[in-house]
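Everything numeric in this text was worked out from a predicted model, so none of it was measured. Naming convention: chains lettered A, B, ... in sequence-line order (proteins, then strands); numbering from 1 in each chain.
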2 protein chains.
Amino acid sequence: MEDKNYSEKDLSELIKCLKVIGEPKRIMLLDKIISGVQCNCELGSSLQMAANLTSHHLSILKDSGLINSERDPVDGRWIYYSINLEAMQDMKSALNSFFDEKRIHPRRLSCGPQTEEKNILDVLNFK
Amino acid sequence: MEDKNYSEKDLSELIKCLKVIGEPKRIMLLDKIISGVQCNCELGSSLQMAANLTSHHLSILKDSGLINSERDPVDGRWIYYSINLEAMQDMKSALNSFFDEKRIHPRRLSCGPQTEEKNILDVLNFK
DNA sequence: AATATAATTCAATTTATATTGAACTATTAA
DNA sequence: TTAATAGTTCAATATAAATTGAATTATATT
């Protein structure tokens, strides 16, 4: 019988992504960026973190592809960060696939005591 | 104008949750549990980790509410872990709310150079 | 040309937490 | 009643990564 396994590749992609958003300051930064606060200085001050630390976390978010950056066309000293819509949607669908109820499989009976009962249940694939 | 802000409480719940699943071994454990591998020994051996380390990560998953545990009714030495469906669904909806496209707000213009252009754009709430 | 500003980069330090090994608990089997 | 098995707990160590401060880059202003 074929398992509804998440592919190794999908899983390693998901792991990378979750490591990025698993850091509290980064999810807080994403929250601000999504809600329209988008330059380093305001992001940092609104979360009470130093500019260099803000830069550090923003660069990790940027490397992951979750956010974009662009310089102000009028005054190039300012850089604005914004959410990458497509990356965000890809991430959501990866998460929803991973945590899909249909993937939930009853316990495989390779572990546990060897009993008649067990073997019957195994055949029936019963939880 | 009212912001579509994620509440502080929702955000701190989400952060807790993401810290738990942001650790690679734990998402790998969840993957195995979801797909039906559910005792410590098999979970550990399938991911090549020591039993005590498996225990450690399982206890963090358990504390988060994402998984349940129960002893084998026939042989109480065996403990089986399973996904907590409700917790999983709550987490998914928290993630989907956080990453809701409708929350995406264009850049607030409190940062950046002071120009006529800017003020006009600000009033128009234009990206 | 010299100075100021927004942001980044680099090196050093700190902190959190994953990992390891040993001892322990709970349960079952001999 | 002794030994074996599945799993947990504890203390110590190792590792990864967050944080900090100083120096640097890129751009704009005076």
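- In this structure, B/E42 does not pair ionically with A/R107, as no charged nitrogen and carboxylate oxygen lie closer than 4.0 Å.
- Looking at the side chain of A/L53, the nearest of the listed nucleotides D/dG7, C/dA26, D/dT19 is D/dT19.
- Looking at every heavy atom in both residues, A/K19 comes nearest to B/G22 through CG-O, 3.4 Å.
- Distance B/D75 CG to D/dT5 P: 12 Å, rounded to the nearest Å.
- Distance, A/L58 CG to D/dT19 C1': 15 Å, rounded to whole Å.
- Atom pair B/Q48:CD and C/dT19:C1' shows a separation of 15 Å (rounding to whole Å applied).
- If you check every strand for non-hydrogen atoms under 4.0 Å, B/H57 touches sugar and phosphate atoms only.
- Within 4.0 Å (heavy atoms only), A/A50 reaches no atom of the nucleic acid at all.
- Distance, B/I15 CD1 to D/dA18 C1': 15 Å, rounded to whole Å.
- Put simply, NE2 on B/H56 is 13 Å from C1' on D/dC10, counting in whole angstrom units.
- Here the straight-line distance linking atom NZ of A/K25 with atom CD1 of A/I60 works out to 12.5 Å at 0.5 Å rounding.
- Across every non-hydrogen atom of B/Y81 and B/I33, the tightest pair is O-CG2, 3.7 Å.
- Nearest nucleotide to the side chain of A/R71, out of C/dT19, D/dT27, C/dT27: D/dT27.
- For the two cysteine residues A/C41 and B/C111, the thiol sulfurs sit 2.5 Å or further apart.
- Protein atom CG of B/D72 is 9 Å distant from nucleotide atom P of C/dT28, rounded to whole Å.
- Distances were taken from every side-chain heavy atom of A/R77 (C-beta onward) to each of D/dA18, D/dT27, C/dT27; the shortest belongs to D/dT27.
- Minimum atom distance to the side chain of B/K19 is reached by C/dT17, of the listed C/dA18, D/dT27, C/dT17.
- Set against C/dT19, D/dT19, D/dT20, the side chain of A/N52 has D/dT20 as its closest nucleotide.
- D/dT30: Watson-Crick or G-U partner is C/dA1, with both key distances under 3.5 Å.
- Summarising the geometry, the separation between CD on B/E23 and C1' on D/dA18 is reported as 16 Å, rounded to the nearest angstrom.
- Atom-to-atom, CZ of A/R26 to P of C/dA16 comes out at 16 Å; the value is rounded to the nearest Å.
- Contacts of B/Y81 with the nucleic acid, taken as non-hydrogen atoms under 4.0 Å apart, involve only primed sugar atoms and P, OP1 or OP2.
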